[in-house]
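Take a look at the structure below.
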Amino acid sequence: MMSKEENKTNLIVNYLPQTLTEEEFRSIFLSIGPIKNSKIVRDKVTGNSFGFGFVEYESETDAQRAIQTLDGLPLQTKRLKVAIAKPGSENIKGCNIYVRNLPKHYTEKELNEMFGKYGKIVNSRVMIDLQTKESKTVGFVLYDTKEEADNAIAELNNKVPPSGTLPLLLKYADDSKKFRQPGQIQQQVQQQPSPPQQQQPFSQGYASFGGPRFPSPGGPMRTPAGNRFRFNPIGGPTNNPGLLNYNQNSFVTNNLGINAQGLKQENGGSSNVIFCYNIGNDTTERELWTLFKPYGTVLKCNALWDAQKNQCKGYGFVTMATWQEAAHAIQELNGYYFKNRPLSLSFKT
DNA sequence: TGGAATT
């Protein structure tokens, strides 16, 4: 058996949308290459996703390609973070610190400066209030090792930062494990993707400074904001500057009501139907469903069939549950390469 | 008193 230190094929994937199914998760990563296994980590009792998962590839090359291609992938209101998973046997628990009483003006930058002295920071965040956009003066710092976290708590707990007035309160973030304790059984895990579930409104995403983003120093490559790409679950990635034509800091604002590139609520706000042009002539309705599912509840997929040529006519229609979901899908997928063709998406007129 | 980074 290969020693765990050599294993560079197992990836940890963070910031998964809450509603992402195992099937969708797998299909995104399968587009890179063959997978040994994949799993979204869930609460054993409720089945709720913890928002992260694992994907193990058969080859290191594919694992690296998955990082290059999928790290930073926008999915619903989040951006995936993809990195090599540390071997489970390592001392990787208790590395996450919860911080209270941060000075109001602190962002991750100041947090990293303050905490970086005590070790390698894998991830950090400052929570902000969605309404006021102000810091909640609460944050998290995830270190690489337990020793670093221990050291930071010993050095910084109850200390008043240079620009602050209150002493910092530091705790191990998951010492209580409240949310993982067995509670009352609510419902069994639903394995089937159907029936269509109600999507969470865009505004329910969490926020930290910069919104869901490419987190802090120390981790593997971050896709820079200037190197945006679209991901095509079937045809592979391609550069496309049209994606996320708002800056990362406006993520939260955009989640509250999409208003991008000509997609305006006044052009009906009523049509849920997307006209999909240039889908090629071998595209199935199932493929369309897979393509659009990350953007909401797909009610109907239709690929028009040419009976004479016995092939798809090269266009179709996809009906989403709401105008917002349709707008979101158009915003994300228009111009995006699907089976080596740029999709042309618009509201059905 | 708080999100979701080790199955």
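Here is the naming used below: chain letters follow the sequence lines, and residue numbers restart at 1 for every chain.
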Checklist entry - Is A:N10 side chain donor-acceptor paired with the B:dT7 base, going by distance under 3.5 Å alone? => result yes
Which one, [options], comes nearest to the side chain of [X]?
X: A:N37; options: B:dT1, B:dG3, B:dT7; result: B:dT7
X: A:K171; options: B:dT7, B:dA5, B:dG2; result: B:dG2
X: A:N14; options: B:dA5, B:dG2, B:dG3; result: B:dA5
X: A:K136; options: B:dG3, B:dT7, B:dA5; result: B:dG3
X: A:I12; options: B:dA5, B:dT1, B:dT7; result: B:dA5

Checklist entry - By centroid distance (under 5.5 Å) and plane angle (under 30°), are A:Y98 and B:dG2 in a stacked arrangement? => result yes
Next on the checklist: Can you tell me if A:F52 is stacked onto the base of B:dT6, using a 5.5 Å centroid cut-off and an angle below 30°?
Outcome noted: no
For residues 155-169 of chain A, which side-chain N or O atoms pair as donor and acceptor with protein atoms under 3.5 Å away, sequence neighbours left out?
from	atom 1	to	atom 2	distance (Å)
A:N157	OD1	A:L170	N	2.9
A:K159	NZ	A:E155	O	2.8

Solution key, residues 34-41 of chain A side-chain donor-acceptor pairs under 3.5 Å, sequence neighbours excluded:
from	atom 1	to	atom 2	distance (Å)
A:N37	ND2	A:E56	OE1	3.2
A:S38	OG	A:R26	NH1	3.4

Next on the checklist: Would A:K8 pass as a cation-pi partner of A:Y57, given that its NZ or CZ must be under 6.0 Å from the six-membered ring centre and within 45 degrees of the axis?
Outcome noted: no
Round to a whole Å and report the spacing from [atom1] of [X] to [atom2] of [N].
X: A:Y15; N: B:dT6; atom1: OH; atom2: P; answer: 11 Å
X: A:F54; N: B:dA5; atom1: CZ; atom2: P; answer: 10 Å
X: A:D174; N: B:dT7; atom1: CG; atom2: P; answer: 11 Å

Checklist entry - Is the phosphate of B:dT7, meaning OP1 or OP2, less than 4.0 Å from a side-chain N or O of A:K93? => result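 It does, given that an N or O in the side chain of A:K93 lies less than 4.0 Å from OP1 or OP2 of B:dT7.
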Checklist entry - Hey, mind stepping through A:F292 and A:C276 against side-chain contact (heavy atoms from CB on, under 4.5 Å) and telling me if it holds? => result CA-CA 11 Å; A:F292 283 84; A:C276 312; 3.8 Å; yes
